[in-house]
*Asks:* 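This structure is in structure tokens; I'll ask about it shortly.
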Amino acid sequence: MSACEADCKTVCSFWAPVEADPKCYGEIVLQRLFETRPDVQKLFPKFVDLSKEQLQNNPGVQAHGEIVVRKLTEILKANGKRKEIIKDLAESHAKQHKIPLVNFQIISEVIVTVATEKLDGFGPDAQTALKNVLKQFQIDLGACYDELGFKP
Ligand code: CUS
């Protein structure tokens, strides 16, 4: 088992609540992201003009949050197929949404914070494992961005 697979396995052992309720956890992640980094909110055409109040209980935020968390769960469980998932993600985020790489670092930090706060027993080892997985994810995504010639 590679180091990355081991890290994925560690994180997965705490992940059942997230997998069971991706909409709820996804909403928390996006709310926290927009709260801490209003500049990132501007990258979402659907959400750019929404006030803090309008972001609460927003079906669009919940729906996109759910997508983000489902994607992340898919990556955690994919092992060999990880690269393919990331390649698709890179295509859509480079060509269609034009999301610079740094934003994935920002959302990764938020994901670690939220997991640490909300998941039972998610201690230093689990946090390190999740950080490693997300770091590798950013490296792989960056390589795909390079291949696509997307230089933000
Ligand atoms: O979609 C998805 O899925 C992603 C997430 C990951 C997986 C973590 N995204 Cu999209 C992200 C982001 C965006 O879009 C924007 C901004 C920032 C981040």
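Each residue takes its place number in the sequence, starting with 1. All ligand and atom numbering here is 1-based and tracks the order in the structure.
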*Asks:* Is Lys71 paired with Glu74 through a side-chain N to carboxylate O contact shorter than 4.0 Å?
*Replies:*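 A salt bridge is present here (some side-chain N lies under 4.0 Å from a carboxylate O).
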
*Asks:* Suppose I only count heavy atoms of Ile99 and a 4.0 Å limit; which atoms of ligand 1 are within that range?
*Replies:*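 Near Ile99, the atoms of ligand 1 are 15 (C), 16 (C).
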
*Asks:* Taking atom types as modelled, find out whether Asp140 and Gln136 have a side-chain donor-acceptor pair closer than 3.5 angstrom.
*Replies:*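 Yes - a donor-acceptor pair under 3.5 Å links their side chains.
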
*Asks:* Check contact between His93 and ligand 1, using heavy atoms of the residue and a distance below 4.0 angstrom.
*Replies:*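 Yes.
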
*Asks:* Distance check, rounded to the nearest 0.5 Å: Lys118 atom NZ versus Arg32 atom CZ?
*Replies:*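 Result: 6.5 Å between the selected atoms.
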
*Asks:* Does the side chain of Gln105 pick up a donor-acceptor pair with the side chain of Gln138 at under 3.5 Å?
*Replies:*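 Result is no, nothing qualifies.
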
*Asks:* Side chain to side chain contact (heavy atoms under 4.5 Å, CB included) for Thr113 and Thr36? Distances and angles first, verdict last.
*Replies:* CA-CA 12 Å; Thr113 306; Thr36 47; over 6 Å; no

*Asks:* Got an N/O contact under 3.5 Å between Lys71 and ligand 1?
*Replies:*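 The answer is no, given that Lys71 and ligand 1 share no N or O pair closer than 3.5 Å.
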
*Asks:* Counting heavy atoms only, which of Asn103, Val68, Thr73, Leu89 comes nearest to atom 17 (C) of ligand 1?
*Replies:*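 The nearest heavy atom belongs to Asn103.
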
*Asks:* Return the closest protein heavy atom for atom 11 (C) of ligand 1 as residue, atom name and distance.
*Replies:*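 Of every protein heavy atom, Phe104 CE2, 3.6 Å lies nearest to atom 11 (C) of ligand 1.
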
*Asks:* For atom 13 (C) of ligand 1, what's the nearest protein heavy-atom neighbour? Residue, atom name and distance, please.
*Replies:*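 Answer for atom 13 (C) of ligand 1: Phe44 CZ, 3.6 Å.
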
*Asks:* Can an N, O or S atom be found in His64 less than 2.8 Å away from atom 10 (Cu) of ligand 1?
*Replies:*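 So His64 does not bind atom 10 (Cu) of ligand 1 by this criterion.
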
*Asks:* Give the single entry among Val102, Ile67, Ile107, Leu134 that approaches atom 8 (C) of ligand 1 most closely by any heavy atom.
*Replies:*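 Going through Val102, Ile67, Ile107, Leu134 one by one, Ile107 has the nearest heavy atom to atom 8 (C) of ligand 1.
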
*Asks:* What's the separation between atom CZ in Phe14 and atom CG in Leu130, rounded to the nearest 0.5 Å?
*Replies:*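 Going from the CZ atom of Phe14 to the CG atom of Leu130 covers 11.0 Å.
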
